[in-house]
Student: 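Submitted below is the structure of interest, expressed as structure tokens.
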Amino acid sequence: MGSAPTYIATWNVNSVRSRLQQVLAWLGVNPHIDLLCLQETKVADDQFPVTAFAERGYWVYTYGQKAYNGVAMVSKYPLEDVKAGFSAVLPEMAQLDDQKRLLSAKLHGVRVVNLYVPNGGAIASEKYHYKLAWLACLTQYLAVLRQQEKDILLCGDFNVALTDLDIHDPTGCETSIMASPAERTALERVLNLGFVDIFRQQNPEGGHYSWWDYRGGSFRRNLGWRIDYHFPSVELAQRVTECQIDVTPRRHPQPSDHAPVIIGLANLRP
DNA sequence: ATGGCGAGAGGATCTCGA
């Protein structure tokens, strides 16, 4: 009876131009992916390789800048109600849009929020405080969206390992960037608005990661962190058919240091 | 305590990421 699930992926590609052939190849072997949310595109919008995707039938939505940051959405279908940056919802937060890290749009009735949370540098540094302020602003942003829409998918590179299970070796991680208590609390406040860590719900055991340092053979030894997530709203979580990390591209030569994460959503509006 | 690897900018060797 029901139509096929809608498949949405999130992938920090660490430069879309450097990774272009790998991203196209991955879409080629994963033709079921309806929407791919990209982070760290590292390119201004007028330099984004739109044609390469358009030639393959995808619509492309970009929100980027030169050299740093940048997010984009690559979709089989036209997206609706595209909102770029915090200021589309919170005009008073326009200063946090200097760094292009947030792009949201609707597909098949679902509001997809694609984000790239700041790295944070060192604990207590200026960048660290920027990260916490950014996450606090995200909480405000989502509180507004939550009043407007029930079916929201929050996805991207969050640069926070929610629990010790998300780190290959959590020893001393409370003083480490991406795992400090303040970062975890800031992300928990987001989830407490009514979002679900669906991958962890389906995989209560550790050992599953989405990022591995380029250095020291981390991937070969599976010394990773899980920092890339799909967080469906509690209402949408009922319709999740699967959530998987695809480590295949991380094995390729010159890979991104992140792996894509895929979610399936059943019974969406066509 | 530090660097380790990789990308971008710019044209040698920085900054940044996580």
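Letters go in sequence order (proteins before strands), and every chain restarts at 1. All values below come from the heavy atoms of this structure, side chains included, with hydrogens, waters and symmetry mates left out.
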Student: Are any side-chain N or O atoms of A:R19 and backbone N or O atoms of A:N14, one a donor and one an acceptor, separated by less than 3.5 Å?
Tutor: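 Side chain of A:R19 to backbone of A:N14, a donor-acceptor pair under 3.5 Å: yes, one is there.
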
Student: Once the angle between the rings of A:H108 and A:Y77 is folded into 0 to 90°, is it parallel (under 30°), tilted (30 to 60°) or perpendicular (over 60°)?
Tutor: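 Ring orientation of A:H108 relative to A:Y77: tilted.
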
Student: Can you tell me how far P of B:dA7 sits from CD of A:Q21, to the nearest Å?
Tutor: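 Going from A:Q21 (CD) to B:dA7 (P), I get 15 Å.
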
Student: Can you check the distance between B:dC16 and B:dG10, where both ends of the measurement are the C1' atom (answer in whole Å)?
Tutor: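 Pairwise C1' distance, B:dC16 against B:dG10, rounds to 16 Å.
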
Student: Would you list the protein and nucleotides 10-17 of chain B atom pairs, both N or O, that sit under 3.5 Å from each other?
Tutor:
unit_1 : atom_1 : unit_2 : atom_2 : d
B:dC16 : O5'    : A:K127 : NZ     : 3.4
B:dG17 : OP2    : A:K127 : NZ     : 3.2

Student: Taking the same atom, P, in B:dG4 and in B:dT15, what whole-Å distance lies between them?
Tutor: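 Nearest-Å result for B:dG4 against B:dT15 at atom P: 14 Å.
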
Student: Does NZ or CZ of A:R101 fall inside the cone over A:Y116's six-membered ring, less than 6.0 Å from its centre and within 45° of the axis?
Tutor: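 Judged by the rule (NZ or CZ under 6.0 Å from the ring centre, within 45° of its axis), A:R101 counts as positioned above A:Y116.
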
Student: Measuring from atom OG1 of A:T62 to atom CG of A:D45, what distance do you get when rounded to the nearest 0.5 angstrom?
Tutor: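 Spacing of OG1 (A:T62) from CG (A:D45) equals 3.0 Å.
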
Student: Between C1' on B:dG8 and CD on A:Q254, what's the gap in Å once rounded to a whole number?
Tutor: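 About 16 Å, once rounded to whole Å.
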
Student: Verify the contact: side-chain N or O of A:S18 to OP1 or OP2 of B:dG6, cut-off strictly under 4.0 Å; return yes or no.
Tutor: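 Looking at the OP1 and OP2 atoms of B:dG6, neither is under 4.0 Å from any side-chain N or O of A:S18.
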
Student: Please check the phosphate of B:dA7 (OP1 and OP2 only) for any side-chain N or O of A:R19 closer than 4.0 Å.
Tutor: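 So the side-chain polar atoms of A:R19 do come within 4.0 Å of the phosphate oxygens OP1 or OP2 of B:dA7, strictly under.
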
Student: Pick the P atom in B:dC14 and in B:dG3, then give their distance to the nearest Å.
Tutor: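 About 12 Å, rounded to a whole number of Å.
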
Student: So which of A:I152, A:V196, A:D151 actually passes side-chain contact (heavy atoms from CB on, under 4.5 Å) with A:E235?
Tutor: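 The residue from A:I152, A:V196, A:D151 that satisfies side-chain contact (heavy atoms from CB on, under 4.5 Å) with A:E235 turns out to be A:D151.
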
Student: Roughly how far, to the nearest 0.5 Å, is the CD atom of A:Q202 from the CG atom of A:D197?
Tutor: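 So the gap between those two atoms works out to 10.0 Å.
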
Student: Check this one for me: any side-chain N or O of A:S15 less than 4.0 Å away from OP1 or OP2 of B:dG6?
Tutor: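 No, A:S15 has no side-chain N/O under 4.0 Å of OP1/OP2 on B:dG6.
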
Student: B:dT13 and B:dT2: how far apart are their P atoms, nearest whole angstrom?
Tutor: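 Straight-line distance between the two P atoms is 23 Å.
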
Student: Distance check needed: B:dG6 P versus A:Q22 CD, whole Å only.
Tutor: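 Distance, rounded to whole Å: 12 Å.
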
